[in-house]
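As structure tokens, the structure follows; a few thoughts come after it.
Residue indices begin at 1 and follow the sequence shown.
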Amino acid sequence: MAPTTTATAAAEQAPPPPPQHTRKAEGLAAHDDSGHLTPIRISRRKTGDDDVAIKVLYCGICHSDLHTIKNEWRNAVYPVVAGHEITGVVTEVGKNVARFKAGDEVGVGCMVNTCGGCESCRDGCENYCSGGVVFTYNSVDRDGTRTYGGYSDAVVVSQRFVVRFPAGGALPLDRGAPLLCAGVTVYAPMRQHGLCEAGKHVGVVGLGGLGHVAVKFARAFGMRVTAAMGTMHGIINTASASTSMHSYLALLKPKGKMILVGLPEKPLQIPTFALVGGGKVLAGSCMGSISETQEMIDFAAEHGVAADIELIGADEVNTAMERLAKGDVRYRFVVDIGNTLKSD
């Protein structure tokens, strides 16, 4: 037999091409770093055995969306269909799906796949998957295809990454959509670090999309949200500004905790003595697990926690992005996908 050539060997070792998805969906996409969004037709996969197909009704606009469509994090692969605060109604489920059925109100947050086998995944901490989190948009899924987010009229997601909204409208889908990113991003570290005990003091830095929800959760936990020096058990820092931590650390009691959930573009200025002198803790937290997200949705519904939003039409998203860049929103834009995103 003739020896295998280098080209032949490389071809044999090359991964198979990604599958061609045939289900069509309408969306809004950025095509370059201007970030300007225009209509686009995209493809979704057929509903697999473990999948949930969802008609998107609402999608929140996260500041991460703005960073991505403008390529400010230098990782955008265009076209980008952003959006990871998705709520809607189930239209179809795969044969292995028992937890959801057509007509259920559901949500999808920041991730749509993980390796499923690493220690973090086995421990129910998929958001720290060492095999790589597949994000809801601008990511590469396990089958090699690009992911597109909730600025579209339909998504197909593995049942593992879908959360249930309570029946009967206890948590409205429009005001509940931002909880799928902004909400769980503050709820998870508050739970993990004990900043959920009645009577404790917590501070919130940055009263934006994340911060205003953090205040609401703190009140629902029975905590006091104040800003007096040396009295805080913890601070949730949602700000994206690169500022000195000294004045914030001074607000903490000894052994108090500063939890970072914002993403500044430049390194923070951290005074070592302000940490060491009071035995204080500086920690970070990224999103939340699926179980934490479901727990948060259930808690929010029970305690009446929902985001303060400006509901906009699909034709208003570019104006909304301009306003978001200026901080001109109280406190979250949500796109009414179901009623306003039309076929091109």
Practice prompt. Please check if the side chain of Thr87 supplies one atom and the backbone of Leu173 the other of a donor-acceptor pair under 3.5 Å.
Written response: yes
Practice prompt. Nearest 0.5 Å please: distance from the CG atom of Leu28 over to the CG atom of Asp153.
Written response: 10.0 Å
Practice prompt. Would you check if the side chain of Thr91 reaches a backbone N or O of Ala53 as a donor-acceptor pair within less than 3.5 Å?
Written response: yes
Practice prompt. Could you tell me which non-hydrogen atom of Ala300 sits nearest to which non-hydrogen atom of Leu179, and how far apart they are?
Written response: CB-CD1, 3.7 Å
Response to the item:
Rounded to the nearest 0.5 angstrom, the CZ-OG1 distance for Phe135 and Thr68 is 10.0 Å
Discussion item. Would you say Val77 ends up clustered with Tyr148 if hydrophobic residues are merged whenever their side chains have heavy atoms under 4.5 Å apart, either directly or through other cluster members?
Written reply: no
Fill in: Asn138 side chain vs Asn75 backbone, donor-acceptor pair below 3.5 Å
yes
Worksheet item: Side chains of Ile236 and Ile259: closer than 4.5 Å at any heavy-atom pair?
Response: yes
Fill in: 4.5 Å side-chain heavy-atom contact, Leu249 and Met258
yes
Item to complete: Just do the side chain to side chain contact (heavy atoms under 4.5 Å, CB included) check on Ile290 and Val163 with the steps written out, would you?
Response: CA-CA 7 Å; Ile290 298 301; Val163 296; 4.2 Å; yes
Response to the item:
Quick note, ring-ring contact (aromatic ring centres under 6.0 Å, His included) partners involving residues 80-101, not counting sequence neighbours, are His84-Tyr137
Fill in: Tyr78 side chain to Ile69 backbone, donor-acceptor under 3.5 Å
yes
Worksheet entry | Pair Lys200 + Glu197, salt bridge at N-O below 4.0 Å | yes
Discussion item. Could you tell me if Thr231 and Lys253 have a donor-acceptor pair between their side chains, going purely by distance under 3.5 Å?
Written reply: no
Practice prompt. Write down the atom of Ser289, the atom of Cys125, and the distance for their closest heavy-atom approach.
Written response: CB-CA, 4.2 Å
Worksheet item: Would you find more than 12 non-hydrogen atoms of other residues, nucleotides or ligands less than 6.0 Å from His31 atom NE2?
Response: yes
Worksheet item: Would Thr238 and Val205 satisfy side chain to side chain contact (heavy atoms under 4.5 Å, CB included), going step by step from the backbone distance to the final call?
Response: CA-CA 6 Å; Thr238 73; Val205 177; 5.6 Å; no
Discussion item. Counting C-beta onward and ignoring hydrogens, is there a side-chain heavy-atom pair between Ile86 and Tyr58 closer than 4.5 Å?
Written reply: no
Worksheet, complete the sentence: Residue pairs meeting ring-ring contact (aromatic ring centres under 6.0 Å, His included), one or both in residues 309-336, sequence neighbours left out, come to His212-Tyr331
Response to the item:
Between Ser158 and Arg45, the two heavy atoms sitting closest are N-NH2, 3.5 Å
Item to complete: Give the C-alpha distance, both sets of side-chain angles, the deciding distance and a yes or no for salt bridge (charged side-chain N to carboxylate O under 4.0 Å, His left out) between Glu310 and Arg323.
Response: CA-CA 12 Å; Glu310 290 189 40; Arg323 288 181 54 195; 3.0 Å; yes
Worksheet item: Within the side chain of Lys257, is there an N or O that forms a donor-acceptor pair under 3.5 Å with the backbone of Ile235?
Response: no
Discussion item. Between Arg122 (side chain only) and Gly117 (backbone N and O only), is there a donor and an acceptor less than 3.5 Å apart?
Written reply: yes
Item to complete: Find the distance between CG (Leu324) and CG (Leu66) and round it off to the nearest 0.5 Å.
Response: 5.0 Å
Worksheet item: Step by step, would you call Val108 with Val112 a side chain to side chain contact (heavy atoms under 4.5 Å, CB included)?
Response: CA-CA 8 Å; Val108 178; Val112 292; 4.1 Å; yes
Fill in: Non-hydrogen side-chain atoms of Leu260 and Ser285 separated by less than 4.5 Å
no
Discussion item. Using side-chain heavy atoms (C-beta onward) and a distance below 4.5 Å, is Ile40 in contact with Val81?
Written reply: yes
Worksheet item: Are Cys62 and Arg332 close enough that some pair of their side-chain heavy atoms sits under 4.5 Å apart?
Response: yes
Fill in: Met232 vs Tyr248, side chain to side chain contact (heavy atoms under 4.5 Å, CB included): CA-CA, chis, key distance, verdict
CA-CA 10 Å; Met232 302 289 181; Tyr248 296 137; over 6 Å; no
Worksheet item: Is there a chain of hydrophobic side chains (I, L, V, M, F, W, Y, each step under 4.5 Å between heavy atoms) that links Met223 to Phe217?
Response: yes
Worksheet entry | Between CE on residue Met287 and CG on residue Leu180, distance to nearest 0.5 Å | 12.5 Å
Worksheet entry | For Ala320 against Ile61, the heavy-atom pair lying closest together | CB-CD1, 4.2 Å
Fill in: Whether His233 side chain and His201 backbone form a donor-acceptor pair below 3.5 Å
yes
Worksheet item: With no hydrogens and no angle check, is any side-chain donor or acceptor of Lys55 less than 3.5 Å from a backbone partner on Val90?
Response: no
Item to complete: Ignoring hydrogens and angles, tell me if any N or O in the side chain of Gln294 forms a donor-acceptor pair with the backbone of Ser291 under 3.5 Å.
Response: no
Worksheet item: Under 6.0 Å from the NZ atom of Lys46, do we count more than 12 heavy atoms belonging to anything else shown?
Response: no
Worksheet entry | Val56 side chain near Leu341 side chain, heavy-atom distance below 4.5 Å | no
Worksheet item: So, Asp65 versus Tyr151: side-chain donor-acceptor pair below 3.5 Å or not?
Response: yes
Worksheet item: What's the spacing between Thr340 OG1 and Asp336 CG if we round to 0.5 Å?
Response: 5.0 Å
Discussion item. Membership question, hydrophobic clusters at under 4.5 Å side-chain separation (ILVMFWY): are Met190 and Tyr128 in the same one?
Written reply: no
Discussion item. Checking Arg44 against His21: is there a side-chain donor and acceptor pair closer than 3.5 Å?
Written reply: no
Worksheet item: More than 12 heavy atoms of other residues, nucleotides or ligands under 6.0 Å from CZ of Arg23: is that the case?
Response: yes
Fill in: Minimum heavy-atom distance Pro166-Glu105, with the two atoms named
O-OE1, 4.2 Å
Worksheet item: For Thr319 and Glu322, does a side-chain donor sit closer than 3.5 Å to a side-chain acceptor?
Response: no
Worksheet item: Are Arg191 and Phe299 in a cation-pi contact, defined as NZ or CZ under 6.0 Å from the six-membered ring centre and within 45° of the axis?
Response: yes
Worksheet, complete the sentence: Here the pair of heavy atoms bringing Val213 nearest to Gly183 is CG1-CA, 3.9 Å
Worksheet item: In the single-linkage hydrophobic clustering (I, L, V, M, F, W, Y; side-chain heavy atoms under 4.5 Å), do Val334 and Val89 co-cluster?
Response: yes
Worksheet entry | Any donor-acceptor N or O pair under 3.5 Å, side chains Glu295, Tyr187 | yes
Fill in: 4.5 Å side-chain heavy-atom contact, Val106 and Ile54
yes
Item to complete: Might you confirm whether atom CZ of Arg142 has over 12 heavy atoms from other residues, nucleotides or ligands at distances under 6.0 Å?
Response: yes
Item to complete: Give a yes or no on whether Val162 and Val156 share a hydrophobic cluster (residues Ile, Leu, Val, Met, Phe, Trp, Tyr; joining criterion: side-chain heavy atoms under 4.5 Å apart).
Response: no
Discussion item. How long is the straight-line distance from CG of Asn96 back to CG of Asp49, given to the nearest 0.5 Å?
Written reply: 5.0 Å
Worksheet entry | Sole candidate of Asp143, Thr147, Thr136, Asp141 that passes side-chain hydrogen bond (donor to acceptor under 3.5 Å, both in side chains) when paired with Asn113 | Asp141
Discussion item. Can a donor-acceptor pair be found, under 3.5 Å and without considering hydrogens, that links the side chain of Asn127 to the backbone of Cys286?
Written reply: yes
Item to complete: List for me each residue that meets salt bridge (Lys or Arg N to Asp or Glu O under 4.0 Å) alongside Arg175, sequence neighbours excluded, and say none if there are none.
Response: Asp308
